[in-house]
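In this text, all values refer to a predicted model and were calculated from it rather than measured experimentally.
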Amino acid sequence: MTQIANNPSEVDVVVVGGGIAGLSGAVTLARSRRSVVVVDSGEPRNEPASGVHGLLSRDGIAPGELLRTGRAEVEAYGGRVVTDRAVSARRDGDGFLVETAQGRRYRARRLLVATGLADRLPDVDGLRERWGRDVLHCPYCHGWEVRDEPIGVLATGPMAVHQALLFRQLSDRVTLFRHTAGDLAEEEWEKLAARGIDVVEGEVAAVEVEDDRLAGVRLASGRRFPLRALAVAPRFEARDEVLAGLDLAAAEHPMGIGNQVEAQASGMTSVPGVWVAGNVADVMDGVPAAAAAGVKAAAAVNADLVAADTDAAVARRRSGNIAEVFGAAAEAAVCERVLGERRHGLDGLLSPRTEAGPPRARG
């Protein structure tokens with residue numbers, strides 16, 4: 001661990017965001033003997049979900065339990081997890097200064113930002129209250145749980161038909177509600193018809209609930225349709241506020257589904273010393289992909305610190321050698337190697353007489 005870790009407010013890496021990407025990155029860094037602090041506000045995006053799916057050996061684990069386990073693992077390797085909100089980050093000399101809502105200040109050599117994203121849901125009465133339960137968006141995260149049930153797809157953008165086709169793999173009772181989406185292309189109509197997906201015109205005004213379970217949707221016209229699940233496509237917006245002081249901001253996603261912070265495959269951003277991982281960098285990442293992104297970014301951060309530490313060590317070594325090169329010890333060593341017994345000094349002056357014996361008397 002580097003010397004900076006001796007000061008509790010100065011660390012090798014501050015990880016902003018304690019979701020699956022941030023915690024995975026923090027564990028990797030701590031296992032590399034880096035001093036690391038995770039600053040997390042305690043507002044996970046998947047909190048409403050009953051379970052996390054697709055995570056090998058942990059399928060179905062409750063989101064809260066997964067995060068509690070992750071925090072414990074970070075701390076077991078010497079990292080710290082602080083429940084607080086990072087409100088700003090800025091350059092501070094050769095490092096960064098992170099400030100929190102509770103007045104904490106951390107100076108870090110590197111930053112790993114894993115703040116995730118916010119789901120901007122369609123404006124439909126009652127929709128948000130069911131979000132993550134029976135109002136969902138990802139067939140891989142929640143599709144198995146609603147297989148063979150009547151599923152509605154709320155069309156709000158260009159990916160609606162694609163979403164309907166994905167859910168058709170899980171149930172033969174899928175209905176696409178045109179809602180606010182534009183006209184469908186002829187090819188899209190043909191695909192929906194071929195797969196037996198009904199299309200309903202008109203805007204959806206509200207979702208209807210019975211016994212704390214989705215019962216269906218009601219159109220603005222008053223028509224009702226029974227459903228057990230409703231798939232929506234929220235706009236995915238990266239939580240990039242903490243990056244504002246570093247002149248980093250999210251850019252529009254190529255598919256027009258939201259925005260994300262642009263970065264290389266390793267998570268390295270255009271600002272030296274700053275990495276991003278998880279949904280803040282890729283809005284399409286599920287839990288397994290976000291975990292992998294956190295590990296990958298952490299490995300890149302550690303490699304960057306190793307290079308910096310090595311450069312500093314080489315510079316110190318060179319500086320020390322220059323200071324000593326003309327010292328007495330260095331000069332004696334050079335003479336010993338070059339001249340051997342012929343080196344200058346009192347012994348050299350006396351040695352010829354010793355070999356020839358004492359001077360002879362004249363007479």
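Of the listed residues (Arg110, Arg33, Arg34), just one forms a salt bridge (Lys or Arg N to Asp or Glu O under 4.0 Å) with Asp309, and that residue is Arg34. For the side chain to side chain contact (heavy atoms under 4.5 Å, CB included) test with Leu192, the passing option among Asp198, Val174, Ile197 is Ile197; the others fail.
In Glu210, the CD atom is not crowded: 12 or fewer heavy atoms of neighbouring residues, nucleotides or ligands sit closer than 6.0 Å. The environment of Arg85 atom CZ is sparse: at most 12 non-hydrogen atoms of other residues, nucleotides or ligands sit within 6.0 angstrom. Within 6.0 Å of the CD atom in Glu262, the count of heavy atoms belonging to other residues, nucleotides or ligands does not exceed 12. By the neighbour-count criterion of 12 heavy atoms within 6.0 Å, atom CZ of Arg235 is densely surrounded, having more than that number from other residues, nucleotides or ligands. More than 12 heavy-atom neighbours from other residues, nucleotides or ligands sit within 6.0 angstrom of CD on Glu201. No more than 12 heavy atoms of other residues, nucleotides or ligands lie within 6.0 Å of CH2 in Trp144, so this atom counts as exposed by the packing criterion.
At a threshold of 4.0 Å, the pair Asp92-Arg105 does not count as salt-bridged, since none of the basic side-chain nitrogens sits closer than that to a carboxylate oxygen. Note on Arg223 versus Glu208: no salt bridge recorded, every NZ/NE/NH1/NH2 to OD/OE distance being 4.0 Å or above. In summary, Arg178 and Asp183 engage in a salt bridge, as defined by a charged side-chain N under 4.0 Å from a carboxylate O. Taking a cutoff of 4.0 Å between a charged side-chain nitrogen and a carboxylate oxygen, Asp94 and Arg107 qualify as a salt bridge. We find that Asp40 and Arg239 are not joined by a salt bridge, their nearest charged nitrogen and carboxylate oxygen being 4.0 Å or further apart. Here Asp247 does not pair with Arg90 in a salt bridge; the nearest charged N to carboxylate O distance is not below 4.0 Å.
Ile20 and Leu112 fall into different hydrophobic clusters, defined by Ile, Leu, Val, Met, Phe, Trp and Tyr side-chain heavy atoms under 4.5 Å apart, directly or through other members. Linking ILVMFWY residues whenever their side-chain heavy atoms come closer than 4.5 Å, directly or via other members, leaves Val87 and Val39 in distinct clusters. Side-chain heavy atoms closer than 4.5 Å link hydrophobic residues (I, L, V, M, F, W, Y) into clusters, and following such links, possibly through other members, connects Tyr77 to Val13. Residues Leu23 and Leu117 are members of separate hydrophobic clusters, defined by side-chain heavy-atom contacts under 4.5 angstrom among Ile, Leu, Val, Met, Phe, Trp and Tyr. By the criterion of side-chain heavy atoms lying less than 4.5 angstrom apart, applied directly or through intervening Ile, Leu, Val, Met, Phe, Trp or Tyr residues, Leu136 is not grouped with Val209; the two fall into different hydrophobic clusters.
Annotation: the span from Leu166 atom CG to Cys138 atom SG amounts to 9.0 Å, rounded to 0.5 Å. Atom-to-atom distance recorded for Phe167:CZ and His162:NE2 is 10.5 Å, nearest 0.5 angstrom. Going from atom CG of Asn302 over to atom CZ of Arg31 covers 12.0 Å, rounded to the nearest 0.5 Å. Note that CG of Asn259 and NE2 of His253 are 10.0 Å apart. Values are rounded to the nearest 0.5 Å. Rounded to the nearest 0.5 angstrom, Phe236 CZ and His137 NE2 are separated by 4.0 Å. Here NE2 of His142 is found 11.0 Å from CG of Asp134. Values are rounded to the nearest 0.5 Å.
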Yes or no on salt bridge (Lys or Arg N to Asp or Glu O under 4.0 Å) for Asp123 and Arg128, after CA distance, side-chain angles and deciding distance?
-> CA-CA 9 Å; Asp123 186 16; Arg128 178 162 291 280; over 6 Å; no

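Residues Val37 and Val82 come closest through the heavy atom pair CG1-CG2, 4.0 Å. Minimum heavy-atom separation, Gly17 to Val38: O-CG1, 3.9 Å. Scanning all heavy atoms of the two residues, the minimum distance from Gly70 to Val27 falls at O-CG2, 4.4 Å. Here the shortest heavy-atom pairing between Leu184 and Glu188 reads CA-OE1, 3.4 Å. The heavy-atom pair separating Pro122 from Thr156 by the smallest distance is CG-CG2, 3.9 Å. For Ser41 against Glu43, the heavy-atom pair with the smallest separation is OG-OE1, 3.3 Å.
Listed for the Asp12 side chain is a donor-acceptor partner under 3.5 Å among the backbone atoms of Ser35. Checked by atom type and distance alone, the side chain of Asp240 pairs as donor or acceptor with a backbone atom of Ala250 at under 3.5 Å. Counting only distance, with no hydrogens or angles, the side chain of Ser171 and the backbone of Glu149 share a donor-acceptor pair below 3.5 Å.
Through chains of ILVMFWY side-chain contacts below 4.5 Å, Leu219 is grouped with Leu121, Val124, Leu127, Trp131, Val135, Leu154, Phe177, Val200, Val204, Val207, Leu214, Val217, Phe225, Leu227, Leu230, Val232.
The closest side-chain heavy-atom distance from Pro150 to Arg228 is below 4.5 Å. Considering only heavy atoms from C-beta on, Val15 comes within 4.5 Å of Val36 through its side chain. Between Glu99 and Ser88, the closest side-chain pair of non-hydrogen atoms falls below 4.5 Å. In this structure, Leu246 and Thr269 have side chains that are not in contact, with every pair of non-hydrogen atoms separated by 4.5 Å or more. Contact check for Thr69 versus Arg58: no side-chain heavy atoms found under the 4.5 Å cut-off.
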Result block: side-chain N/O donor-acceptor pairs under 3.5 angstrom for residues 270-294, not counting sequence neighbours:
from   : atom 1 : to     : atom 2 : distance (Å)
Asn279 : OD1    : Arg45  : NH1    : 3.3
Asn279 : ND2    : Asp282 : O      : 3.0
Asn279 : ND2    : Asp285 : O      : 2.9
Asp282 : OD1    : Met284 : N      : 3.0

